[in-house]
Protein chains: 2
Amino acid sequence: MRGRGNMASSSNSPCAACKFLRRKCQPECVFAPYFPPDQPQKFANVHKVFGASNVTKLLNELHPSQREDAVNSLAYEADMRLRDPVYGCVGVISLLQHQLRQLQMDLSCAKSELSKYQNLGITGHAGLFAAAAAAATATTHNHNHTTTILRTLGSI
Amino acid sequence: MRGRGNMASSSNSPCAACKFLRRKCQPECVFAPYFPPDQPQKFANVHKVFGASNVTKLLNELHPSQREDAVNSLAYEADMRLRDPVYGCVGVISLLQHQLRQLQMDLSCAKSELSKYQNLGITGHAGLFAAAAAAATATTHNHNHTTTILRTLGSI
């Protein structure tokens with residue numbers, strides 16, 4: 001009869017969390033919908049990095065509709081921390097920031113080259129000039145956008 | 001006499017971790033060098049998200065030279081999780097990925113525009129063409145680079 005009424009705990013198996021913690025998986029188990037029995041590593045990772053108690057508190061403070069996303073982001077963070085114990089997913093953020101800066105420089109170069117063509121005074125290709133101006137505008141927009149996020153992450 | 005010999009615990013104050021946990025800050029305290037008494041929130045955040053016990057285990061498994069970076073990345077992750085309980089710093093990764101895709105599209109447009117100018121057959125400006133070709137190469141390079149990281153993060 002155990003597990004009856006627990007939608008996520010298929011075929012009366014305890015969820016991966018309860019199996020790991022060796023406890024009875026109750027119908028109202030907060031972990032069961034997000035830690036199915038066939039994904040034991042997902043809970044093991046989250047437990048090792050965050051601790052079951054902290055995750056329980058966090059999930060209970062969220063609306064049920066937000067819990068799946070929260071669990072998946074915790075599982076991703078935990079996986080990254082176990083792969084890279086020093087930097088975890090902050091290492092991924094640093095790498096992405098580096099790539100953004102590189103792309104911004106490349107786009108700035110391309111914009112500069114386009115403006116040189118514009119300055120050559122080729123007046124018979126208005127469409128190209130408009131496109132070049134649009135590309136230049138896009139560059140500025142993205143630069144501002146990214147400056148904001150880099151400022152946010154300035155403490156890394 | 002307490003705290004004597006603990007380099008990081010200035011003026012014999014317990015470190016922020018030991019103060020928070022209400023325990024004696026020993027000279028060999030693993031937290032003391034990274035959680036000074038004047039930054040109580042840093043430890044409170046890390047403790048709330050990861051738990052002191054998990055952080056102790058993680059630090060003890062690292063070389064002392066890696067611990068400062070590890071603590072700072074944990075503090076950043078904890079801060080992000082408390083600001084955004086659903087996505088934490090995975091939300092930052094998603095935002096950066098979105099910006100990267102946008103920049104790649106902008107760069108692709110700029111590259112396309114540059115190649116149109118090249119195809120106009122302006123032969124008197126070899127330097128500009130070389131620069132345009134270089135910009136195009138840089139675009140391709142970054143695209144491949146970013147494809148790799150997006151594939152790595154494909155599970156988000």
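Chain A is the first sequence line, chain B the second, and so forth, proteins listed ahead of strands; every chain is numbered from 1. Computed from a predicted model, the values in this text were never measured in an experiment.
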Pick one of side chain, backbone, both or neither for [X], based on which atoms fall under 4.5 Å of a heavy atom in chain B.
X     : value
A:H63 : neither
A:L74 : both
A:N72 : neither
A:R81 : side chain

Is it the side chain or the backbone of B:K48 that comes within 4.5 Å of chain A heavy atoms, both, or neither?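 It is the backbone, since no side chain atom gets that close.
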
Surrounding OH of B:Y87 (heavy atoms of other residues, nucleotides or ligands, distance under 6.0 Å), is the total greater than 12?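 No - once you tally the heavy atoms of other residues, nucleotides and ligands closer than 6.0 Å, there are 12 at most.
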
Around A:Q39, counting heavy atoms of other residues, nucleotides and ligands shown, do more than 12 lie under 6.0 Å from its CD?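 Enclosed.
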
Qualifying residue for side-chain contact (heavy atoms from CB on, under 4.5 Å) with B:L21, from B:R23, B:K19, B:K24: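 The side-chain contact (heavy atoms from CB on, under 4.5 Å) with B:L21 is passed solely by B:R23 among B:R23, B:K19, B:K24.
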
Looking at every non-hydrogen atom in both residues, tell me the closest pair between A:G88 and B:E77 and how far apart they are.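 Residues A:G88 and B:E77, closest heavy atoms: CA-OE2, 4.2 Å.
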
Atom CG in A:D106, atom CG in B:D106: separation rounded to 0.5 Å?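 That separation rounds to 12.5 Å.
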
Can you tell me which of A:G51, A:A70, A:C89, A:S73 forms the most heavy-atom pairs within a distance under 4.5 Å of chain B?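 Of A:G51, A:A70, A:C89, A:S73, A:S73 has the most heavy-atom pairs under 4.5 Å with chain B.
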
